[in-house]
Each structure stands twice: as structure tokens, then as C-alpha cells.
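Working notes for the structure below.
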Amino acid sequence: MGNNIDKTTLIIGGGPAGLEAARVLGQAGYPVVLVEKEQQVGGVLTQLSSSFPRWEDPMKHVDMRMQEIQKYPNVRIMLKNKVVDCEKLNDGYKVQLQNDSGKKEEIIANAVIIATGFELMDVSNYGEYGYGTLPNVLNSLEFEAMLKEWSAGNKPAIEKPVVAFFKCVGSRDRTKGYPYCSKICCMYSAKQAGMVQDLLPEAKSYVFYMDYRASGKEYEEFVRSVIEDKHVRYVRGRPSKVFSENGRLLIRAEDTLMGVPVEVRADYIVLAAAIRPSQGTIEMSKLFNLPTDQYGFVEPQKLETVKVVERVFMAGSCGFAVETIGALQQGGAAAAQVMALLNQAG
Ligand SMILES: Cc1cc2nc3c(=O)[nH]c(=O)nc-3n(C[C@H](O)[C@H](O)[C@H](O)COP(=O)(O)OP(=O)(O)OC[C@H]3O[C@@H](n4cnc5c(N)ncnc54)[C@H](O)[C@@H]3O)c2cc1C
Ligand code: SF4
């Protein structure tokens, strides 16, 4: 085994995946530079109101890790920074970083972990649902922001709102979206509907679904409790169109279990938009010349590993849709593989 504990790992992206990788490497004494383009770490978790499957504060995962990381002088976090250039060397990469005021810095990275995450598809091409044209038709992250407001005590002006959730918008749709299932939206739609009922007990929530996928530890129980204890109504069917009617939103759909057309008048519609690779994931894949799948997600060498190419690893949703626990686990796995590499490398 070599003695390469002085070799630096560059982590790109400070969401849960990148933070967990930094925590594990930091604890083991390896030098780490974590580059985050925003002014805070946490990734999408900073935008969430609560977290399935245990109704936890999503920032708990971030705060716990940051408290630990701050104890490790070998971990440097560079906010508002991006990687703008890289050159392959025999034992790593020469990388140019640039902050948002244009200041540049060069580092040598002996290993790289890509943790640049995902984003939501733009659902305005689902014109029939009125996103971007009708008020109060939101995507799921915009609704998380609204839930945060409601949780903070800023309740909606409408006393007993009706909230309708449309699942699989842009996912499992070969014509206008992506053929894949985005994996996390069955769960977060249940969470959001359950939160509406908790925060506004007089509200009504409908979830329109084709089917629901709750295959994870405690997931089925979570959705069941939302339906049975919080009285969220699940309607099997795909809404065909949303109309504006006297300041409200009229949803036409077919209940495919009952075989009857249904109409629901709602105050808010939440579209569970497909996930796709973030802009940062696409940019970093090009810069480091990484293999990607046909949608732009980073492709590991084998599906069961987090290694992408020599000295480059991936973690979290830059590879595909993953829930927070999965992102954390992949961050830990990438850190372990980096340590194995650096301990072997000359
Ligand atoms: C509406 C919604 C609700 C959700 N609810 C839950 C829930 O209740 N429970 C749950 O388990 N999961 C939930 N999730 C999923 C959760 O958000 C993800 O599992 C998690 O955010 C993935 O973490 P990540 O680190 O892979 O990516 P991200 O959170 O996307 O973090 C990536 C980070 O990389 C940074 N970055 C990107 N490009 C660059 C670059 N070029 N240079 C530097 N930094 C860059 C970004 O700014 C970001 O900080 C939800 C997702 C959505 C959309
Ligand atoms: S996770 Fe659920 S809502 Fe999301 S695409 Fe898959 S089936 Fe549809």
C-alpha cells in the first residue's frame, strides 16, 4: 500500500452526495477541495419542506455533515466556484477553478468525484396542463417553496384549498418527455399531499396517478398512511386538460378504475416533472470527457460501481434519479473507492 494521504480529491457539487463524500474523506484525513457553484451547500435539499419517508427536516442531513466537516482542516469548501478547465495528467488532473467574481485558481486533483445533481424538466410543453399560462399551476419544486411558506405560518388566502397532484408529467412519456420513470416523484407527491393535509386540515388533496411505485424501506407504509390517516384521495387516471373557470382550475380526467370521466375543481395543481441531468452535470461530463447515457446522465463503468473513468467517480443524481439516502450512500461509496485508489497509486 502506498502512502498517498497527501493526495487531493476534488468534489464537484455540494449536495448530499458531495457532502457525504467530503465527510468520509475528511474523517480519514485525505485533503479535499469541494467546489459548489451556489452560495450555500445542500443542493436541492435546501429547497425542500420535509422529507420522506420519515417526515424529517431535509436540512438535518446537511447540517450534521457540515458540523462534522468543519472540524476537518483538510477539507476546503469553495462556494460560488466552478470548474472552468481541466487538463489530464498521468496521476490526475490540473483543474482551473473560477469564482463568481472571475478570480481563478489552479489545483492538482489526484481523484475527482462528480456530484453535480439533477434538475426538473421544463413542463411548459404540456400546454394542456397550463403550466406557465394558468396561475397556480406549479412544478413540484415550486410547490415545495409554497409548502415552506405555509409551514412558516404564511397560510394561503383561500380558506379550504383544493390541491391536485399530477404524477408522471414528462416521465414514462415517449412522445413529449422521457421514457423512464423518475423514481422519486411517487414518494414526494405523497409527501406533499400529506403535508397539505397536515398544514391545512380543511383542504382537499387529490393525486392523479397511472400507478404508484413505492419500493423502498418504509415507502409503502408511508404512502398508505398518507391515504388512510391523512385522507388524501388517489384517483387512477391521467388528466387530459386543465381549464380556467371563474378563477379556479377545472381538471378533466378519466377515472380508469371506475371507467368514468371525472371533473375536479382545484385551486392549485402540482406537476411532478420528470428529472433530468443538471446543466452542471452536462458541462462536467463534457469537460472531463465522461461517458453518459442517451439522456446525459453520467454512466459508470458498470452499473454496480461509482467509477466512471480512471480517477473519476460519480455520486448521486448526476447518475440518475435517487432519493436522499441513496445520494448519501453513493457519496460514501465514491469516497471509499477514492481511498482505495489513492492507497494503491504511486
Ligand atoms: C420536489 C422534490 C422533492 C423531493 N423530496 C425528497 C424527499 O422528501 N426525500 C428524499 O429522500 N428525496 C427527495 N427528493 C430528492 C432529493 O432532492 C435528491 O435525492 C437529492 O437532492 C440528490 O442529491 P445530489 O447531491 O445527488 O444532487 P443535488 O441535490 O442536485 O446537488 C447537486 C449540487 O451540485 C451543485 N452543482 C451543480 N453543478 C455544479 C458545477 N458545475 N459546479 C459546482 N457545483 C455544481 C448544485 O448547485 C448542487 O448544490 C426530492 C426531489 C424533488 C425534486
Ligand atoms: S416515480 Fe411515480 S410519478 Fe414518478 S415517473 Fe415513476 S411512476 Fe411516475
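Whatever order the structure lists them in is the order used to number ligands and atoms, beginning at 1. Everything quoted here is computed from the prediction, not taken from an experiment.
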Closest protein heavy atom to atom 42 (N) of ligand 1, given as residue, atom name and distance to 0.1 Å: Ile12 CG2, 3.7 Å
Just need the protein heavy atom nearest to atom 33 (C) of ligand 1, so name the residue and atom and give the distance. Gly15 N, 3.6 Å
Would you please determine whether Ser50 falls within less than 4.0 Å of ligand 1 on a heavy-atom basis? yes
Decide whether an N or O pair under 3.5 Å exists between Tyr188 and ligand 1. no
Is Glu245 salt-bridged to Arg248, cutoff N-O under 4.0 Å? no
At what distance, to the nearest 0.5 angstrom, does OG1 of Thr292 lie from CE of Met284? 14.0 Å
Those atoms of ligand 1 less than 4.0 Å from some heavy atom in Glu38: 47 (O)
In this structure, atom 7 (S) of ligand 2 is nearest to the protein heavy atom Arg172 NH1, 3.4 Å
Does the ring center of Tyr180 lie less than 6.0 Å from the ring center of Tyr178? yes
Strictly under 2.8 Å, is atom 4 (Fe) of ligand 2 approached by any N, O or S atom of Cys181? no
For the NZ atom of Lys183 and the OG atom of Ser171, what is their distance to the nearest 0.5 Å? 13.0 Å
Lys183 and ligand 2 - part of the residue with a heavy-atom distance under 4.0 Å: backbone
With only distance considered, is Phe52 within less than 3.5 Å of ligand 1 through an N or O on each side? yes
Does Leu48, backbone or side chain, put an N or O under 3.5 Å from an N or O of ligand 1? no
Between Ser49 and Glu144, a side-chain donor and acceptor under 3.5 Å: yes
Tested for side chain to side chain contact (heavy atoms under 4.5 Å, CB included) against Leu79, the lone hit among Asn99, Val41, Leu34, Asp100 is Val41
Would you give the length of the straight line joining atom OH of Tyr234 to atom CG of Leu257, rounded to the nearest 0.5 angstrom? 14.0 Å
Test of understanding: given a 4.0 Å heavy-atom threshold, classify the contact between Thr281 and ligand 1 as side chain, backbone, both, or neither. neither
At less than 4.0 angstrom from any non-hydrogen atom of Cys168, what atoms of ligand 2 do you find? 3 (S), 5 (S), 7 (S), 8 (Fe)
With a cut-off of 2.8 Å, does any N, O or S atom of Cys186 fall short of it relative to atom 2 (Fe) of ligand 2? yes
Looking at Asp91 and Asn110, would you say the former's side chain and the latter's main chain have a donor-acceptor pair under 3.5 Å? no
Mind checking the OG1-CD1 spacing from Thr281 to Ile114? Nearest 0.5 Å is all I need. 8.0 Å
Has ligand 1 got any nitrogen or oxygen that is less than 3.5 angstrom from a nitrogen or oxygen of Ser317? yes
Give the atom numbers and elements of ligand 1 that come within less than 4.0 Å of a heavy atom of Ile184. 15 (C), 51 (C)
Which residue and heavy atom of the protein sit nearest atom 23 (O) of ligand 1, plus the separation: Pro16 CG, 3.2 Å
Counting from 1, what ligand 2 atoms have a heavy atom of Lys167 closer than 4.0 Å? 3 (S)
Would you mind checking which non-hydrogen protein atom is closest to atom 4 (Fe) of ligand 2, with the distance to 0.1 Å? Cys185 SG, 2.3 Å
A cation-pi test, strictly: NZ or CZ of Arg252 under 6.0 Å from the centre of the six-membered ring of Phe243 and no more than 45 degrees from its axis. Yes or no? yes
If only side-chain N and O atoms count, and only distance matters, is there a donor-acceptor pair under 3.5 Å linking Asp173 with Tyr126? yes
re atom 29 (O) of ligand 1, the protein heavy-atom contact at minimum distance is Val44 N, 2.9 Å
Under 4.0 Å, heavy-atom basis, I'd like to know which part of Ser171 is in contact with ligand 2: side chain, backbone, both or neither. side chain
Test your reading of the structure: does Val322 have an N or O sitting under 3.5 Å from an N or O of ligand 1? yes
Tell me whether the count of non-hydrogen atoms from other residues, nucleotides or ligands lying under 6.0 Å of CG in Leu303 goes above 12. no
Answer yes when Arg76 and Glu105 have at least one side-chain N-carboxylate O distance shorter than 4.0 Å, and no when they do not. yes
side-chain hydrogen bond (donor to acceptor under 3.5 Å, both in side chains) with Tyr212: which of Lys167, Glu220, Arg236? Glu220
Which residue and atom name correspond to the protein heavy atom nearest atom 39 (C) of ligand 1, and how close is it? Thr116 CG2, 3.6 Å
Could you list which atoms of ligand 1 come closer than 4.0 Å to a heavy atom of Gly43? 29 (O), 31 (O), 48 (C), 49 (O)
Atom 53 (C) of ligand 1: of Phe222, Phe320, Phe118, the nearest heavy atom sits on Phe118
Leu19 and ligand 1 - part of the residue with a heavy-atom distance under 4.0 Å: neither
Please list the nearest protein heavy atom to atom 11 (O) of ligand 1 with its residue and the distance rounded to 0.1 Å. Thr324 N, 2.8 Å
So between Glu144, Glu36, Gln192, Met314, whose heavy atom ends up nearest atom 49 (O) of ligand 1? Glu36
Quick one: do the Ser140 and Tyr188 side chains pair a donor with an acceptor below 3.5 Å? yes
Between Val95 and Ala109 the two heavy atoms that sit nearest each other are CG2-CB, 4.4 Å
Sub-4.0 Å heavy-atom approach of Ser182 to ligand 2: yes
Using a 3.5 Å cut-off on N or O atoms only, is Ser51 in polar contact with ligand 1? yes
Return the option from Gly280, Ala115, Ala327 holding the heavy atom at the smallest distance from atom 41 (N) of ligand 1. Gly280
Option with minimal heavy-atom separation from atom 43 (C) of ligand 1, where the choices are Lys37, Lys191, His61: Lys37
Test of proximity, Ala17 against ligand 1: N or O pairs below 3.5 Å: yes
Output yes when Arg265 and Glu263 qualify as a salt bridge under the 4.0 Å nitrogen-oxygen rule, no when they do not. yes
In terms of atom number and element, which parts of ligand 1 are under 4.0 angstrom from non-hydrogen atoms of Gly316? 26 (O)
From Arg311 atom CZ to Leu341 atom CG, the distance as rounded to the nearest 0.5 Å: 5.0 Å
Which atoms of ligand 1 are found less than 4.0 Å from any heavy atom of Val35? 43 (C), 44 (N)
